[in-house]
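Values below: all heavy atoms of this structure, side chains included; hydrogens, waters and symmetry mates excluded. In listed order, ligands and their atoms are each counted from 1.
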Amino acid sequence: TTGAIATDPEKHDVEYLTPISVGTPSQDLIVDFDTGSSDLWVFSTEMSTSDIKGQTMYDPNNSSTSEKVQGSTWKITYGDGSSSSGDVYLDTVTIGNLTVPNQAVEAAKKVSAEFTDDSHNDGLLGLGFSAINTVQPTPQNTFFDNIKGILDAPLFTVDLKHGAPGSFNFGYIDPAAYIGNISWTPVDSSQGFWGFTSPGYAVGTGAFRNHSMSGIADTGTTLLLLPKSVVSAYYKEIQGAQYDSDQGGYIFPCSPTPPDFVFGVNNGIVTVPGDMVSYAPADSANQNCFGGIQKDTGIGFSIFGDVALKTSFVRSHGSIVPGHYADCD
Ligand SMILES: O=C([C@@H]1CCCNC1)N1CCCCC1
């Protein structure tokens with residue numbers, strides 16, 4: 001069995017939203033597939049309406065296949081301070097043509113303001129390792145762990161694009177999704193994430209600099225967060241770039257286009273084109289742009305978020321194949 005589902009970027013590629021169906025008859029929700037966490041949680045009819053602003057809710061009472069997991073609860077706090085919590089049901093979950101009949105669906109009772117204000121997002125579907133699922137007393141499996149056994153191959157790929165639909169594929173590697181060879185790198189899942197170590201980076205057409213950067217591939221993080229020494233070396237090459245503490249990051253004149261940022265993945269490279277480093281307008285006044293590459297200070301490792309994953313520079317696509325990080329030239 002294999003499956004594929006399209007995923008669509010929100011404005012500025014801030015997040016990528018993907019349709020899923022839950023329950024019987026099916027309730028269609030649109031959620032954020034997040035390789036940086038491992039809970040499938042959704043807005044639900046158990047929430048107070050003041051925490052809901054346009055999202056679609058899962059209603060377990062309207063599903064003939066929902067089964068409450070008695071005594072189980074969940075609570076998750078993300079690195080950006082956002083959080084949510086609630087209780088747990090088993091229900092049918094379908095992604096494209098792939099169905100898990102007894103998937104743990106974590107129904108929210110409370111969500112923080114960041115989620116209430118994100119009106120198009122009905123929840124998160126974790127694609128990290130089940131070891132960091134937050135359900136207590138018994139942690140639950142991710143959709144991927146539940147479906148893995150019937151897939152032609154125990155893998156999924158991520159193909160995000162800048163301002164255009166991309167896809168999450170399950171059980172196969174689409175040869176049309178890349179050109180040339182895939183480069184693979186070992187995954188360190190000891191923290192429950194898709195961890196890997198990049199051997200170094202280059203700025204524009206400059207020489208490659210050996211500089212080990214350990215981090216995670218996180219589809220749920222918007223930007224590329226790297227060690228401050230690497231980030232300052234990059235922005236040193238941009239005339240007028242500066243760290244703006246009010247905005248909490250480096251900003252720089254939107255034109256001319258900044259240099260590309262290249263990072264290594266095993267023996268391959270991924271190139272973030274300069275025009276994608278300009279993440280979004282920072283201030284209309286003097287035409288500054290907010291950088292898509294920022295410091296990973298305080299997290300303890302780097303985060304290769306969407307800015308790193310969506311790049312397709314001339315001949316290369318980034319895609320993640322669990323067990324390996326694939327970059328294809
Ligand atoms: O909370 C997160 C991210 C937030 C954005 C969405 N993906 C998960 N973590 C990943 C980095 C280490 C701390 C946990």
Side-chain angles (χ1 to χ4, degrees), residues 7-18 20 29-43 55 74-86 106 108 110-118 120-136 139-140 142-145 156 158 160 166 168 187-198 213-228 230-231 248-249 263 279-280 290 292-310 318 320 322 325:
T7 186
D8 294 326
E10 286 285 280
K11 188 169 184 316
H12 296 311
D13 303 342
V14 68
E15 62 186 1
Y16 290 77
L17 296 179
T18 310
I20 66 171
L29 301 167
I30 299 178
V31 298
D32 184 356
F33 279 24
D34 180 17
T35 58
S37 66
S38 304
D39 284 51
L40 198 187
W41 72 263
V42 290
F43 276 67
Q55 293 85 355
W74 60 279
K75 175 169 178 29
I76 192 163
T77 302
Y78 297 100
D80 56 1
S82 60
S83 64
S84 51
S85 62
E106 301 171 35
K110 287 184 185 164
V111 304
S112 64
E114 295 86 350
F115 291 111
T116 299
D117 294 343
D118 189 1
H120 299 157
N121 184 13
D122 304 331
L124 264 70
L125 186 136
L127 290 170
F129 290 79
S130 298
I132 58 169
N133 175 267
T134 74
V135 173
Q136 289 301 328
Q140 301 293 309
T142 63
F143 179 89
F144 176 57
D145 271 352
F156 67 89
V158 179
L160 304 180
F168 285 84
V187 167
D188 165 13
S189 62
S190 61
Q191 310 289 310
F193 303 118
W194 295 104
F196 69 99
T197 298
S198 168
M213 300 181 283
S214 289
I216 69 170
D218 183 3
T219 55
T221 289
T222 309
L223 305 182
L224 171 52
L225 308 178
L226 294 173
K228 61 174 184 288
V230 173
V231 175
F263 64 93
Y279 169 66
F290 191 81
I293 298 172
Q294 298 293 345
K295 299 187 286 187
D296 64 12
T297 314
I299 301 173
F301 45 79
S302 295
I303 304 190
F304 295 84
D306 300 333
V307 162
L309 303 175
K310 67 187 168 185
I320 304 174
Y325 181 84

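Geometrically, ligand 1 and D218 share a nitrogen or oxygen pair separated by less than 3.5 Å. Between I303 and ligand 1, not a single N/O pair is under 3.5 Å apart.
When non-hydrogen atoms are compared, ligand 1 lies under 4.0 Å from the side chain of I216 (C-beta onward) but not from its backbone.
For ligand 1, the atoms lying closer than 4.0 Å to a non-hydrogen atom of D34 are 6 (C), 7 (N), 8 (C). With ligand atoms numbered from 1 in the order given, ligand 1 contributes 1 (O), 2 (C) to contacts under 4.0 Å with heavy atoms of G79.
Side-chain polar atoms of S83 and T77 form no donor-acceptor pair below 3.5 angstrom. Side-chain contact, S214 with T197: a donor N or O sits under 3.5 Å from an acceptor N or O. Between N133 and S130, the side chains place no donor N or O within less than 3.5 Å of an acceptor N or O (distance only, hydrogens not considered). For the residue pair T134 and D39, a side-chain donor N or O sits within less than 3.5 Å of a side-chain acceptor on the partner.
Counting heavy atoms from C-beta on, the side chains of D13 and K310 come closer than 4.5 Å.
Nearest protein heavy-atom contact of atom 12 (C) of ligand 1 is F301 CZ, 3.5 Å. Counting only heavy atoms of the protein, atom 14 (C) of ligand 1 lies nearest to F193 CZ, 4.0 Å.
Below 30°, between 30° and 60°, or above 60°: for F304 and F196 the angle between ring planes is between 30° and 60°, a tilted geometry.
Heavy atoms of T221 come nearer than 4.0 angstrom to ligand 1 in at least one pair.
Atom 6 (C) of ligand 1 has its nearest heavy-atom neighbour, among G220, G192, G36, S302, in G220.
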W41/F115 under side chain to side chain contact (heavy atoms under 4.5 Å, CB included): CA gap, chis, key distance, verdict: CA-CA 12 Å; W41 72 263; F115 291 111; 3.7 Å; yes
